[in-house]
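For reference, the structure is listed below as structure tokens.
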There are 2 protein chains.
Amino acid sequence: MFTIAQAARRAGCPASTIRYYERVRLLPSARRGTNDYRYYEVADIERLAFVNRARQLGFSIDAVADLLRLADHPHSPCDGVDTLIATQLHSVEKRIRQLQTLAARLRQLQSACDGEHPIRECGILAALSDTRWNEA
Amino acid sequence: MFTIAQAARRAGCPASTIRYYERVRLLPSARRGTNDYRYYEVADIERLAFVNRARQLGFSIDAVADLLRLADHPHSPCDGVDTLIATQLHSVEKRIRQLQTLAARLRQLQSACDGEHPIRECGILAALSDTRWNEA
DNA sequence: TCTTGACTTTGAAGTTACTTCAAGGTTGAT
DNA sequence: ATCAACCTTGAAGTAACTTCAAAGTCAAGA
């Protein structure tokens, strides 16, 4: 049996996050001691660690809840899991593409200024003020 | 003079966003008519468009406020502008690297399952449950 | 035993950048 | 006159937490 801080250390997240997951019902209510402290067993901590790993992969709380539900039904087919992973991968890839476009624009802006002149002559602000910007 | 919806259309953002920017003081309070409607001139709309372009580049509201302040001082050197752009570019690049790591992990997970078996045998959930995960 | 510091509890509010909603007033065209 | 489409405000909702305040608990050392 572990206190919330011990569980947090083992699972690799703050105690406040564990309380939060309980509050939003991502995790079941923890067993309580007579002092009203939450106590966790190894199995609880493993589930929590599973949640943290999925969150680190960028899954939303709702998606993690789906994953947990799927993991709790060992006999059903795993298409659902595959779909969740694929969906997440697609959204990550899309976000990467957006950010790459962004980075390219920022680099372009950067090349419009050598830092050695007053703002009045700054190509960056000129570009940002240019109404033709949105065409680019 | 334009109403808020007209200004919004010209600047390319919802009217609610303009009100929001005013509320958080990113933009000055708009001039009001006797009907209490907000009215905008071309210069106001240009400033709003500038804000929208910077936001589209991923600058936070605070950073946009900095950009506006800098743009309002045409005689000071433009190092500050350069720094803001560089900082933003670095954070975008960092985020891209994080997401690429994420995508690689998701692809790795994907390869652990061919979708043709029950969850009990699913390599994805096995990997997510594996305590050695965090080493990877 | 007392104290001290580190833990625990709760509910509420703060974070970011908006969007949505409710309830009501204004405008312009028919 | 009436109708749609606009405008106003303040408040609440969104995601996923984090931080805070106020108060109770516990373990160890003097």
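Throughout, a chain's letter reflects where its sequence line sits, starting with A, and its residues are numbered from 1. What you see is a predicted model, and the numbers here were worked out from it, not measured in a lab.
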Using whole Å, what does the distance between atom P of nucleotide dT9(C) and atom CZ of Arg19(A) come to?
5 Å
Is the shortest side-chain N/O distance from Arg38(A) to OP1 or OP2 of dT8(C) below 4.0 Å?
no
Show me the protein contacts with nucleotides 28-30 of chain C, counting only N or O atoms at under 3.5 Å.
none

Can you pull every protein N or O that's under 3.5 Å from an N or O on nucleotides 13-17 of chain D?
from, atom 1, to, atom 2, distance (Å)
dA16(D), OP1, Ile61(A), N, 3.4
dA16(D), O3', Arg55(A), NH2, 3.3
dC17(D), OP2, Tyr21(A), OH, 3.1
dC17(D), OP2, Arg55(A), NE, 2.6
dC17(D), OP2, Arg55(A), NH2, 3.2

All side-chain hydrogen bond (donor to acceptor under 3.5 Å, both in side chains) counterparts of Arg97(A), not counting sequence neighbours:
none
In Å, rounded to the nearest 0.5 Å, how long is the span from CZ of Arg95(A) to CG of Leu102(B)?
13.0 Å
Could you state the CD-C1' distance from Glu22(B) to dC7(D), rounded to the nearest angstrom?
13 Å
Integer-rounded Å distance: dC7(D) C1' and Arg31(B) CZ
18 Å
Kindly state each residue pair satisfying side chain to side chain donor-acceptor pair (under 3.5 Å) with at least one member in residues 79-93 of chain B, sequence neighbours excluded.
Arg107(A)-Glu93(B)
Salt-bridge present (Arg69(A), Asp72(A); N to O < 4.0 Å):
no
Side chain of Ala5(B) - closest among dC6(D), dT10(C), dT8(C)
dC6(D)
CD on Gln100(A) to CD on Gln98(A), rounded to 0.5 Å:
11.0 Å
Just how far, in rounded Å, is C1' of dC7(C) from CD of Gln6(A)?
10 Å
Any pair with a residue in residues 15-25 of chain A that passes side chain to side chain donor-acceptor pair (under 3.5 Å), sequence neighbours left out, goes on the list, sorted by first then second residue, please.
Glu22(A)-Arg38(A)
Side-chain N or O of Thr3(A) less than 4.0 angstrom from OP1 or OP2 on dT8(C)?
yes
For nucleotides 25-27 of chain D, list the nitrogen or oxygen atoms of the protein found under 3.5 Å from its nitrogen or oxygen atoms, one pair per line.
from, atom 1, to, atom 2, distance (Å)
dT25(D), O4', Tyr37(A), OH, 3.3
dC26(D), OP1, Asn35(A), ND2, 2.9

Measure from CZ on Arg32(B) to C1' on dT8(D) and round the result to the nearest Å.
8 Å
Do Glu41(A) and Arg31(A) have side chains that approach each other closer than 4.5 Å (heavy atoms only, starting at C-beta)?
yes
Distance check needed: dT27(C) C1' versus Met1(B) CE, whole Å only.
16 Å
Arg47(B)/Asp44(B) ion pair, N-O < 4.0 Å:
no
Ile4(B) CD1 to dC6(D) C1': how many Å, rounded?
11 Å
In sequence, state the C-alpha distance, the side-chain angles, and the governing distance for Tyr40(A) and Met1(A), and then conclude on side chain to side chain contact (heavy atoms under 4.5 Å, CB included).
CA-CA 5 Å; Tyr40(A) 298 88; Met1(A) 303 277 267; over 6 Å; no
Rounded to whole Å, the OH-C1' distance (Tyr40(B) to dT8(D)) equals 12 Å
Side chain to side chain contact (heavy atoms under 4.5 Å, CB included) for Phe59(A) and Ile85(A)? Distances and angles first, verdict last.
CA-CA 9 Å; Phe59(A) 287 94; Ile85(A) 301 283; 3.8 Å; yes
Nearest heavy-atom neighbours spanning Pro77(B) and Ile119(A)
O-CG1, 3.6 Å
